[in-house]
2 protein chains.
Amino acid sequence: MAKTNKTLRRRNEYQIYDVPIDSFFELAFSIDCVVFGYGKKDLQVLLTQRGAEPYKGLWALPGDLVYPDEDLDTSAGRVLKALTSLPDLNFEQVHTFGAVDRHPLGRVVTVAYYAIVNMKGFNPKAAFWADKAKWHSVKNLPKLAFDHRDIIDYSYKKLKESTMTKPLWNGVIEEKFTLTQLQSFFETVLDKKFDKGNFRKKIDLFQYVKETEEFEKDVPYRPSRLFKFDKKLYQKNEESS
Amino acid sequence: MAKTNKTLRRRNEYQIYDVPIDSFFELAFSIDCVVFGYGKKDLQVLLTQRGAEPYKGLWALPGDLVYPDEDLDTSAGRVLKALTSLPDLNFEQVHTFGAVDRHPLGRVVTVAYYAIVNMKGFNPKAAFWADKAKWHSVKNLPKLAFDHRDIIDYSYKKLKESTMTKPLWNGVIEEKFTLTQLQSFFETVLDKKFDKGNFRKKIDLFQYVKETEEFEKDVPYRPSRLFKFDKKLYQKNEESS
DNA sequence: TTACTTTTTGTAATTTTTACAATAAGTATT
DNA sequence: AATACTTATTGTAAAAATTACAAAAAGTAA
């Protein structure tokens, strides 16, 4: 790491805002994306294999530096779009990791985001580094570069916490879905089985899960009613809380 | 803002780690602390009045730049200790605010932390900028600099969400406390009244709230039993979850 | 028509939450 | 010492939510 020129710091004021704006700091900040993949029995995480030192050959989270002229959220959205080519991905900031030694070559603070996608809708070719990207089960992660294992653990915990209260499944399962499909989503994410009848009662309380007049087709058993997400109602209820 | 020299960015690699370590980025990052004060009927927030532009005269959150050689959490701890002179403050990272235009003079990304303290234990003189610091009710905040209003709102929401599950009251109320004192803490933070009997039943479920054989003294009514926080048990239960 | 599969509804036991009351145990006053 | 008063502490019954499990409904396939 290059030497730090400490004369740039003014210690007779406590607020950062009095630091001259032409000061340079030898640091970088980045975003890292934990993209969870839904579609198999176990939840998956999208990892890329490092082609350069440090940690060459190890797996890492997709991420990038934040451009000087883009918001943090915009940056995460940009990386996720490049990676998944999905237009309207829901993603959320998780935590910022800023240990001094988290990067062996310098001071890099990273802001972690997570998103969850349907693996079927995911097109690896669309992203320019996609040939290196691969899904891994959250239950069996390889050795990871940097502190990316911590980032995944933290994000996975947050994902689970949000699953019951936020409609994370929106955009992941079909637009019109059966309650059994919705239940499968919950079961995969939370790695836990639910009772059919009781699950339905719980969903009944989510007013934003609305039944339609349509039914499944071409199934070798009784077709299930299809439901959909009432986004407007959800947003309205969110505001008033 | 000084012009961005985009040639420093390498776009043929997606990972930040391949960027030359001697690159400079025209950005700074800081931490901001939302210190909640317990002691009055309403919850309070500690604010400092700005003595310089921009936003001169407005109130702002105490904060500082993160040193090149200190972890984010260390940085928050340092500021909080300087501000409150309390040695073992519990604080937690809340969110990172990184909108491009959040600071009028340049790109400053800030990581927000919150803590809660007993206002009685707080000694303003200890901090070098303490003559400018003042408590404000969360219900009646003044006009705030930057996006600090957003930061407070976000932190307050998180504080409330954590109150029921984390022993935030530890270190804030007396070491040995009555259940009524504990109830008051909950009521102030959540701005909500609880039923005496039902509150006790809920606390009964928190195994880490242990009764002692001591009782209140010098009260003009029946003395209450004193309880204490079993930190070891709490940490043990945390690990196994 | 029957077997089979899944959806959908129901139900009773259990547990948790809530509202409210009764009792206990101190101090202060007469 | 007796009484009033205040808060602590315990109790209790109704209501609500959760759980385990079963039955009925509605389709396909043979």
Side-chain angles (χ1 to χ4, degrees), chain A residues 39 41 160-166 169 173-230 237 241, chain B residues 39 41 160-166 169 173-230 237 241:
Chain A
K41 186 169 169 295
K160 284 189 191 168
E161 286 170 3
S162 299
T163 302
M164 274 301 177
T165 51
K166 293 179 185 173
W169 39 266
I173 60 177
E174 304 289 320
E175 175 114 17
K176 306 261 179 87
F177 52 87
T178 69
L179 292 185
T180 301
Q181 286 167 345
L182 185 58
Q183 184 174 340
S184 292
F185 179 90
F186 277 82
E187 289 182 338
T188 298
V189 172
L190 297 173
D191 191 26
K192 183 182 165 185
K193 288 284 172 191
F194 289 92
D195 177 275
K196 240 175 192 311
N198 296 338
F199 181 79
R200 301 174 91 88
K201 279 176 219 159
K202 185 160 281 168
I203 296 302
D204 257 354
L205 303 174
F206 300 162
Q207 299 175 315
Y208 52 78
V209 176
K210 279 261 170 59
E211 69 174 36
T212 72
E213 292 310 313
E214 294 173 62
F215 291 82
E216 276 184 305
K217 286 201 170 64
D218 301 322
V219 284
Y221 44 78
R222 174 178 175 180
S224 170
R225 182 186 288 277
L226 296 175
F227 292 75
K228 64 177 171 59
F229 176 54
D230 188 337
N237 290 351
S241 74
Chain B
K41 187 170 169 298
K160 283 189 190 168
E161 285 170 3
S162 300
T163 302
M164 273 302 176
T165 52
K166 292 180 185 174
W169 39 266
I173 61 177
E174 303 289 320
E175 175 114 17
K176 307 261 179 85
F177 52 87
T178 69
L179 292 184
T180 302
Q181 285 168 345
L182 185 57
Q183 184 175 342
S184 293
F185 179 90
F186 277 81
E187 289 182 340
T188 298
V189 171
L190 297 173
D191 191 27
K192 181 183 166 187
K193 287 284 173 191
F194 290 91
D195 176 274
K196 239 173 194 304
N198 297 337
F199 181 80
R200 303 174 90 88
K201 279 176 221 159
K202 185 161 279 167
I203 296 301
D204 257 354
L205 303 175
F206 300 162
Q207 299 176 315
Y208 53 79
V209 175
K210 279 262 171 57
E211 68 175 34
T212 72
E213 292 310 313
E214 293 173 64
F215 291 82
E216 277 184 305
K217 286 201 169 64
D218 301 321
V219 284
Y221 44 79
R222 175 178 176 179
S224 169
R225 183 186 289 277
L226 295 176
F227 291 76
K228 66 178 170 54
F229 176 54
D230 188 337
N237 291 350
S241 74

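Quick note: numbers below take in every heavy atom, side chains included, and nothing from hydrogens, waters or symmetry partners. Lettering follows sequence order; numbering is per chain, from 1.
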Next on the checklist: Under 4.0 Å, heavy atoms only, any strand: does A/Thr178 hit a base, just the sugar-phosphate, or nothing?
Outcome noted: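 It contacts nothing in the nucleic acid.
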Checklist entry - With sugar-phosphate meaning primed atoms plus P, OP1 and OP2, does B/Arg200 contact a base, only sugar-phosphate, or nothing at under 4.0 Å between heavy atoms? => result base
Checklist entry - Looking at D/dT6, C/dT8, D/dT9, which one has an atom nearest to any side-chain atom of A/Ser224? => result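 Nearest nucleotide to the side chain: C/dT8.
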Item to check | Selected nucleotide, minimal atom distance to A/Pro220 side chain, candidates D/dT7, C/dT5, D/dT28 | outcome: D/dT28
Quick test: give all pairs of protein nitrogen or oxygen and nucleotides 16-20 of chain D nitrogen or oxygen below 3.5 Å, distance rounded to 0.1 Å.
{"unit_1": "D/dT19", "atom_1": "O4", "unit_2": "A/Lys201", "atom_2": "NZ", "d": "3.0"}
{"unit_1": "D/dA20", "atom_1": "N7", "unit_2": "A/Asn198", "atom_2": "ND2", "d": "2.9"}
{"unit_1": "D/dA20", "atom_1": "N6", "unit_2": "A/Asn198", "atom_2": "OD1", "d": "3.1"}
{"unit_1": "D/dA20", "atom_1": "N6", "unit_2": "A/Lys201", "atom_2": "NZ", "d": "3.1"}

Checklist entry - Does A/Glu214 come within less than 4.0 Å of A/Arg225, counting only side-chain N to carboxylate O? => result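 Salt bridge flag = no for A/Arg225 with A/Glu214.
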How many whole angstroms separate atom [atom1] of [X] from atom [atom2] of [N]?
{"X": "B/Asp204", "N": "D/dA8", "atom1": "CG", "atom2": "C1'", "value": "14 Å"}
{"X": "B/Lys193", "N": "C/dC20", "atom1": "NZ", "atom2": "P", "value": "17 Å"}
{"X": "A/Gln181", "N": "C/dT8", "atom1": "CD", "atom2": "P", "value": "11 Å"}
{"X": "B/Phe199", "N": "C/dT18", "atom1": "CZ", "atom2": "C1'", "value": "16 Å"}
{"X": "B/Lys196", "N": "D/dT9", "atom1": "NZ", "atom2": "C1'", "value": "9 Å"}

Checklist entry - Of B/Pro223 and A/Pro223, whose nearest nucleotide on DNA chain C comes first from the 5' end? => result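 Whichever sits nearer the 5' end wins; that is A/Pro223.
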Next on the checklist: On the side chain of A/Arg222, is there an atom forming a donor-acceptor pair with the base of C/dT7 - under 3.5 Å, no angle test?
Outcome noted: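 Per atom types, the contact qualifies.
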Checklist entry - Would you call the rings of A/Tyr208 and A/Trp169 parallel, tilted or perpendicular if under 30° counts as parallel and over 60° as perpendicular? => result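 Correct class here is parallel.
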